[in-house]
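Reading through the structure tokens given below for one structure.
A note on names: the letters A, B, ... follow the listed sequences, proteins ahead of strands, and every chain is numbered from 1. Computed from a prediction, not measured in an experiment: that's the story for all the values here. Below, all heavy atoms of this structure are taken into account, side chains as well, without hydrogens, waters or symmetry copies.
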Amino acid sequence: MVSSTTRRRLRARPRALVAAAVAAVAVLAGCTAQAPADGSSSGSGTSGGTKPLNVAFSVAPTTIDPASGCTLDDARLTMALYVQLLQPGQTTDKNGVPSVDPTTADPYFAKSYEVSPDGLTYTFTLQEGWTFPSGTPMDAEAVKYSLDRTTAIGGCGSAIVNDLYLSPTLIKQVTAVDPTTVTVQLSTPDPDFPLALATPAGSIVDPSVVEANGGITAGKPNEWMASHEAGSGPFRLKSFEPGTKAVLEKDPNFKGQPPASDEINVSWVKTDSAMLLQVQNGELDVATGLSKNSAKSLEGGDATQVIASTATANMQMLMPNDKAPWDNAKVREAVTYAIPYQDILDNVLKGYGQLYYGPIPPSMPGYDASVAGPRTYDLAKAKQLMSEAGVSGPVEVTLDTISGDANQASIATILQSSLQQIGITVKVNPLSESAWGEAVYGQKTQAALRLDGPAVFNAGYYLSYDERCGISYNTGVICVPGNAALLDTVRTSSDEAARTQALNQLQANWVAASPKAILYLDATAVAVKKGTTYLWNPITDMRTWKAA
Amino acid sequence: MSTSVSAPSDRSARSDRSALSAEGLRVAYGDVEVVRGVDLVVRPGEKVGVVGESGCGKSTVALALMGLLASGGAVTGGVVSVAGGRVDYRDEKALDRMRGSQLSLVFQDPLTSLDPVKTIGSQIAEALRRHNPRMSRAAVRARCAELLTAVGVPEPERRLRQYPHEFSGGMRQRALIAIAVANDPAVLIADEPTTALDVTTQAQVVELLDSLVDRLGVAVVLVTHDIGLVSEFCDRVMVMYAGRVVEEVPSAALFDGAAHPYTRALLGSLPVPGRPRSDDLTWIPGAPPPLAALPAGCSFAPRCTWAQPECSAGQPPRVVVPSPGTTTGEVHVAECRRALEVVASSRSDESTEGEPRG
Amino acid sequence: MKGTRVQAGTAVVLLAVLVLLAVAGIFLRGTATTVDVANALVPPGPGHWFGTDAQGRDVFARVAVGTSIALASGLGAVAVGGGLGLVIALVCGLGPRWLDAVLVRLLDAVMAFPALLLALAVTMAFGTGLLTALVGVVVTVVPVFARTLRAEARRATSEPFVQAARTIGLSTPHLAVRHVVPYLGTTFSVQTAANVGNVILVLSGLSFIGVGAQPPTPEWGAMITEGLQNALTGQWWIGVFPGLALLVTVVAVNLLADSIPAVRAARLARRRTSRPRREATAPAPVEA
Amino acid sequence: MTITTTTAGARPRRAPALGGALKRAATGLLGVLMTLLLASVVSFVVLRAVPGDPARLIVGPLATPDVLAGVRAQLGLDDPLWLQYLRYVRDFATLQWGYSYSNGADVTAVMAARLPATLELALWAFLFAVVGAVVVATLASFRGGAFATVAKVVSLVGLGTPQFWVALVLILVLGSSGLGVLPGPSGRLTSFLEPPAHVTGLYTVDGLLAGQPIVFSDALAHLALPAISLAIIPGAFLTRLLTANQNDVARSPFVTVVRSKGVSRWAAHRRHVLHNALLPSVSSAGLVLASLITGSVLVESVFNWPGIGQVLVQGIQRQDFAVVQAFVLLSAVLYVAANTVADIAVALLDPRLRVRGGSK
Amino acid sequence: MADETSGQTSGQTSGQAGAPLLRVRDLRRSYGGPHSYAVLDGVSFDVRRGETVGVVGESGCGKSTLARALVRLDPVDDGRVELDGVDLASLRGAALRRERRRFQMVFQDPFGSLDPRMTVQQLVEQPLAVHGTPPAERARLVAEMLDDVGLGGDFAHRLPPALSGGQRQRVAIARALVLRPDITVLDEPISALDVSVQAQVLTLLRREQRHLGLTYLFITHDLAAAEHFCDRVMVLYLGRVVETATSEELFARPLHPYSAALLSAAPQPRGTRERERIVLRGEPLARRPETGCPFASRCPVGHDREVCRTSTPVLAPAEGALGHQVACHFPGELVAQPLERAATA
């Protein structure tokens with residue numbers, strides 16, 4: 001979503017997948033959400049025979065199985081094809097423009113839910129009378145089947161729906177009490193669990209279809225499901241050519257809120273220029289994944305508007321703190337002052353981004369602007385820090401990037417020439433995605449560029465990686481003293497103030513240690529044909545989209 | 001024994017009843033003149049041989065007459081008449097009409113002279129249809145079969161449907177002759193027609209040509225390097241050297257009465273059957289001059305044992321040689337100022353004229 | 001003849017320009033990777049002849065460095081591949097028949113892959129990058145050389161002069177070195193020139209699909225890929241100039257390859273005409 | 001006396017027709033098998049030698065070690081290599097080309113879905129190349145002079161053309177951002193048009209079959225630029241080949257013989273030279289196909305053409321080796337098949353090779 | 001056969017009777033795998049020291065195959081080739097290469113048989129170098145040899161492309177003869193040359209033979225040249241020797257119908273033809289029939305005779321001249337009818 005060729009795969013961390021943000025820890029603590037499932041404020045008429053909506057994305061899904069999908073790209077169709085127990089909430093800004101509020105979870109297939117006082121048992125009350133297209137009733141058994149399946153497969157879906165508690169898994173047991181009642185028992189209290197359920201990973205699948213097509217094999221993705229739907233959602237998959245296109249057709253039998261469009265043509269356009277051309281030709285209503293350069297060129301056009309939405313993904317340079325020269329904090333700090341942030345933002349991102357410096361992006365609740373403001377480009381200070389660091393002789397660093405990622409290539413080039421100024425010679429080492437993954441997640445890399453975002457949109461989830469010392473997910477090998485204890489408070493405390501304070505302290509500690517270089521917070525530029533009803537959502541949700 | 005230059009009027013008089021006549025034919029490839037003024041007259045039913053070593057221009061004469069010089073080559077001078085009509089080598093359409101109907105060609109290599117992917121029948125028919133567009137399909141087929149039979153190919157109906165690769169070398173040459181005589185041409189130009197064939201096959205083809213002359217009255221120009229063949233087959237022999245005809249002699253008089261030192265030397269180098277083995281062969285020293293840089297005067301002078309200083313001074317005269325073998329109307333002309341002396345010496349001493357050094 | 005001279009002349013002039021460019025590239029190595037984001041996407045003009053790319057790097061400098069990369073890698077890969085191919089060809093041409101049969105089958109099988117795909121397969125097996133792409137390309141070059149040179153070597157063995165050399169008692173290795181290898185000379189040089197072009201094309205193709213040279217290496221294929229990003233937003237120069245350089249290079253070496261046999265023949269003819277002989281009489285192709 | 005008596009006469013004439021045909025078939029089959037064997041080894045080695053664990057790629061990065069081990073066992077990755085290889089060959093032969101994790105579908109299904117697009121592109125490119133080459137080469141050979149020079153320049157430049165770059169230039173010049181003559185890289189059809197009813201999968205053909213001239217013309221307009229980009233190299237190659245062939249044939253004595261019958265130069269060229277020159281070029285079908293395959297890999301991604309070339313590039317970028325090896329192996333199979341078909345075609349078309357009984 | 005021919009060599013032969021220099025026995029060679037057919041079908045003959053033996057026949061008769069087999073350019077399927085008692089057919093590797101200096105060959109094609117990149121000097125010197133002659137002696141021998149063939153001085157440093165056909169063939173002869181081989185196979189040495197040069201090459205060969213006491217096997221299709229140049233002639237037809245005799249004998253009195261036809265078919269200058277031309281039916285077959293006389297199908301004598309088609313005649317002494325052998329059931333039956341001599345005044 002950052003560039004046409006960028007593909008962010010979830011490795012040790014489900015990044016940028018589910019953006020169910022939590023505004024404040026307190027909001028959710030022990031609460032019971034029961035807002036009506038009205039949700040849609042797009043106000044689109046669903047009168048018969050709407051124009052088909054033409055949508056293009058830059059990166060095709062590797063699977064459309066919600067239990068296996070790891071990336072935003074994998075989840076493009078999920079919200080259209082499947083229902084979940086809960087869905088991200090919506091708000092309306094002061095101008096009346098609706099937007100998604102990923103910090104809340106609204107009812108969807110679950111009309112309501114209750115949490116036991118110990119926070120370990122969630123009881124969901126389901127909608128009645130819903131059925132799968134196959135005729136199988138959509139009931140508690142189906143929910144149990146779906147959640148169990150996701151956990152059993154053990155892929156990305158499991159990690160997300162379990163809010164990254166994997167051993168033991170967060171979901172201890174799912175019980176179908178009666179057709180409309182499901183209880184989920186957790187192995188540890190987790191106030192963010194509803195947010196995890198409001199992700200594609202929490203999708204409900206038709207057990208009869210799954211069983212007819214390979215069933216569940218523990219630890220093994222279902223290959224049939226990767227290219228077929230067993231859905232419960234408002235759209236049916238009329239046709240699907242993996243990697244090329246899909247046609248979604250409104251399911252007239254869907255019992256929930258009907259979608260705005262009758263038919264959606266989804267195509268995957270790998271080539272940026274091709275997508276740009278299609279937008280220019282007016283062939284597309286919504287185009288997601290244009291390069292910043294292409295998006296910029298569309299701005300101010302008569303037919304198209306570019307909607308830039310701040311995402312949660314940030315571009316960072318990993319400086320594994322255990323490896324030379326990064327074991328010297330002064331060197332790390334020097335690097336953070338030697339990067340021409342504004343140049344990168346202006347030239348590489350064409351302004352589609354935001355600068356900051358801290359462990360939590362500004363778009364996430366808990367961000368403390370007073371400590372985590374952007375670093376300034378200060379070459380003199382950087383050089384000063386280098387000399388204070390006492391590093392002698394030329395420093396050589398190999399920077400791993402993902403081959404074929406134009407943005408990374410650009411940034412690497414800029415870093416190369418910037419860091420040269422403070423005596424660090426950067427050798428750019430473009431790797432294939434899997435090789436890059438092995439280097440980064442295997443904690444072998446000396447330096448790497450990485451576009452990173454949280455799967456579940458809250459600070460506790462997001463910080464679980466970097467602020468715990470010595471765990472394998474901690475790709476930056478960051479160990480800021482005291483932060484681990486602060487994180488425990490953030491994740492488990494039910495005291496809002498304590499959480500806020502801990503979070504602020506954590507950010508301050510982090511910024512002082514300069515454990516990695518944060519280059520920018522990415523903004524997604526979506527080209528939308530004027531007049532199209534479009535609602536941005538971190539996870540693509542086409543239910544409200546409608547052609548002009 | 002009078003020396004006289006043959007008058008042009010003689011030749012024009014003769015050309016009236018000639019099947020083919022060329023006067024002062026000149027051919028050049030780029031700047032290099034490879035045929036330098038060749039006169040050739042062929043009467044109906046006559047067999048004329050053109051002999052010479054490789055590079056003398058004899059094949060070029062054949063192709064030039066047909067108007068089929070390879071690219072880069074052009075007729076630069078001379079007047080050619082076929083069956084009384086003058087040929088304009090710039091008029092492609094007229095040439096196309098002439099070729100195959102009045103003037104035909106039989107080529108050296110029967111292996112490559114037929115289109116390998118077309119049947120023999122269609123290749124003969126092509127010649128017929130070209131000049132008889134209104135001929136019916138059946139008539140064409142019948143005529144093709146007739147032609148094949150005429151050139152001695154058995155089972156013509158089956159053979160017509162076959163492809164060249166299914167024919168042996170001799171058979172292909174017969175098919176080519178059938179193509180050449182399909183439209184009863186006045187003159188058949190045969191360019192080394194037997195060179196690629198074995199001796200016994202060669203004999204067959206020669207017999208065939210002989211019989212065609214007898215039966216059809218076609219005139220034949222036989223271009224070859226084989227003096228034995230020419231002298232046996234032809235009525236008249238033109239010996240070419242460096243792009244010119246140096247001697248024109250009735251074949252009966254060739255062996256004993258050749259008047260040009262080149263002809264004599266050529267004959268002297270032939271191991272003639274019955275010639276005693278103790279009798280060493282003679283040869284011509286040196287090599288033919290490059291056509292791009294011919295010596296002044298007689299081109300053969302530098303290699304000639306008879307050469308005198310004046311030979312290099314100017315073009316040698318055409319000398320009419322009275323020969324005992326000549327009958328009325330036959331001409332013996334040699335382009336050598338000492339032609340008569342040469343003839344005289346050969347008469348007096350059969351074997352040891354102009355002994356070259358070893 | 002005249003056409004050949006013009007052709008060879010054009011090839012030499014083009015190659016000379018390219019070599020100059022390549023030499024310039026050696027000095028411009030620094031400039032080619034110097035980022036100047038303030039001057040990004042400047043159109044071609046006096047300051048930047050070929051404009052600048054998205055990072056403000058000078059496209060001319062990058063094309064120049066790309067020239068040295070292309071020429072060096074093209075020649076290098078062909079030298080290695082051609083050498084190996086020559087050895088195989090000699091083994092095939094002069095060795096035992098069964099070995100020839102086996103090797104030819106093997107070569108044929110390798111040649112069943114389009115060069116780009118074979119290079120791709122090999123490159124992927126060794127990991128992406130210019131060096132591994134070169135290995136991949138060498139693999140594709142070997143059978144091309146081996147196959148053509150083998151045919152020539154076989155022809156050589158049936159040439160009377162090689163047979164004559166055998167009848168005087170020359171051993172096979174001597175025969176190979178003294179007579180067969182020189183005989184292969186023309187073919188080898190033609191193949192070399194022709195394959196340099198192919199190799200450069202395949203290398204850029206590999207870079208284009210992302211397994212060859214990686215950015216920021218100023219390899220032409222990689223640059224065209226980068227240029228493609230900006231093609232429709234108006235910055236045509238980023239991709240067009242490297243492609244043009246690539247085209248000119250390949251055409252130049254192909255031209256050269258094309259003229260080698262004719263030039264050789266002409267030289268031979270000149271040598272003959274210097275001492276007038278019968279063979280030199282005239283361009284009379286119709287004579288027997 | 002220059003009767004050329006070489007050993008040629010002593011060389012065996014053609015063996016009896018049936019035996020010869022059998023032997024040729026046997027040799028051909030052996031070659032095909034060898035090629036396929038090697039192709040399978042190469043693609044197998046590629047799969048196994050590439051860094052990265054296929055099992056890891058399939059289950060995703062978050063899988064636990066047990067899950068990973070399970071998939072490994074299931075894929076047979078723990079078996080000895082030769083066993084894996086045999087299984088792989090069997091799977092390929094039975095069209096089980098594995099699972100493309102990057103497409104979330106079986107490789108066979110992906111290829112089958114994408115093949116028509118590539119076929120259509122290749123078909124038109126082939127048409128453009130052949131027609132263009134025949135016209136240019138015939139003009140060059142027949143007219144010579146400036147035509148020959150132009151043909152030579154065209155073929156030389158064409159052979160040196162990076163297809164993906166030409167694609168770019170064509171888009172810039174002819175595409176909607178340039179002269180606007182033809183649509184740019186926007187797939188096979190304008191998006192508001194429905195693809196025609198699926199018969200062959202080729203939109204141009206299906207469009208005609210369905211009686212939708214608009215679909216046909218739109219599909220053709222979309223095809224034009226990629227097909228031209230793709231046609232340039234094979235077209236240049238064929239131009240060169242055909243020019244050389246025609247020049248060679250035009251020099252053969254039989255053409256002089258044909259002319260000596262009184263046939264005009266053009267008729268002789270058309271009936272005899274062109275015919276003879278075209279025959280041997282049929283056997284270069286394999287090379288043309290190879291260049292079309294290569295071209296499709298390079299051109300499809302520029303034009304966003306949903307063919308198998310694009311799948312390959314994407315497979316490479318995502319390290320989806322099932323796709324890569326299937327493509328590599330498939331292209332080798334296609335190459336071999338094309339060569340075999342070409343051989344058969346030449347044998348049928350060329351009377352010299354045609355098997356005939358009892359001719360002698 | 002050997003016994004009958006002994007002492008039959010012409011007067012030029014040094015009279016060392018006894019074992020012949022070259023004994024070829026039952027030489028066989030087949031082409032083409034499963035459908036192979038014999039190109040040489042049991043060829044046996046002797047060559048005495050100092051003599052010139054001609055092998056004549058049309059294309060496909062096996063004469064070139066014979067030449068190549070004798071100098072071991074092609075393998076031999078069966079049979080013996082003894083040169084002074086050493087069986088060349090069984091030699092291999094280094095032993096064969098050592099022996100090669102004793103048998104040399106001059107090829108048909110003077111344009112192809114010289115490496116165009118070697119000077120005349122190098123070409124003629126190479127055989128000596130290969131066989132280990134010291135450099136000083138080499139230079140002397142080469143200079144001598146080149147003088148002998150008339151290519152002294154300036155020629156030594158020329159490259160073959162700068163030479164004419166005749167000159168090249170002389171270089172080829174010099175290269176073969178510089179080793180002083182026991183036997184030299186001349187494979188159509190003059191057929192690619194112009195008439196006026198042929199005589200020069202033949203004369204040179206004959207002079208060198210006298211000078212160095214050489215032995216030649218002369219392969220040719222040119223009957224006149226064979227008659228002129230050879231002491232003894234063998235006629236080959238489809239891989240078999242059908243007739244052999246001294247050249248005077250053979251050309252005066254051919255006994256085999258094929259020989260007779262061959263001689264009569266050769267073009268003869270008007271006035272020299274003495275016999276009616278015999279025109280054979282059909283053309284030479286590519287391969288021998290399974291049974292009977294290989295010539296039967298074309299033979300004017302044997303075409304309709306049962307015995308000719310069922311039984312293969314063997315080479316046997318003929319009546320008349322000693323050493324005249326013929327393989328025919330009806331030798332001498334076909335004799336070209338004498339022609340009335342053309343009137344020459």
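Contact annotation for residues 191-204 of chain C against chain D (heavy-atom separation below 4.5 Å, listed by residue number): C:L201, C:S204.
Between chain D and the residues C:D108, C:L106, C:L118, C:L244, the largest count of heavy-atom pairs under 4.5 Å involves C:L244. For chain C, the option among D:V336, D:L156, D:V313, D:T149 with the highest count of heavy-atom pairs below 4.5 Å is D:L156.
For the atom pair OG of D:S291 and CG of C:L116, the computed distance is 11.5 Å after rounding to the nearest 0.5 Å. Note: D:E300 CD to C:I209 CD1 = 12.0 Å, rounded to the nearest 0.5 Å.
Looking only at side-chain heavy atoms (C-beta outward), C:D258 and D:R240 come within less than 4.5 Å of each other.
Only the side chain of D:L312 comes within less than 4.5 Å of a heavy atom in chain C; its backbone stays farther off. Residue contact with chain D, scored on non-hydrogen atoms closer than 4.5 Å, is absent for C:V104. For D:T161, the parts lying near chain C are the backbone and the side chain together; criterion is any non-hydrogen pair under 4.5 Å. Within the 4.5 angstrom heavy-atom criterion, only side-chain atoms of D:I293, from C-beta onward, approach chain C.
Between D:S331 and C:L117 the shortest heavy-atom distance is OG-CD1, 3.0 Å. D:W165 approaches C:V240 most closely through the heavy-atom pair NE1-O, 3.1 Å. Here the shortest heavy-atom pairing between D:L172 and C:W236 reads CD1-CB, 3.6 Å. Summarising the geometry of D:L298 relative to C:F208, their closest heavy-atom pair is O-CE2, 3.3 Å, with the distance given to 0.1 Å. In plain terms, the two heavy atoms of C:L247 and D:V157 that are nearest each other are CD1-O, 3.7 Å.
Atom CZ of D:F126 has 12 or fewer neighbouring heavy atoms from other residues, nucleotides or ligands inside a 6.0 Å radius.
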- Query: Passes side chain to side chain contact (heavy atoms under 4.5 Å, CB included), C:R105 versus D:L37? Steps please.
  - Reply: CA-CA 11 Å; C:R105 285 260 166 272; D:L37 192 72; over 6 Å; no
- Could you please spell out the steps behind the side chain to side chain contact (heavy atoms under 4.5 Å, CB included) verdict for D:L159 and C:V251? CA-CA 8 Å; D:L159 280 176; C:V251 168; over 6 Å; no
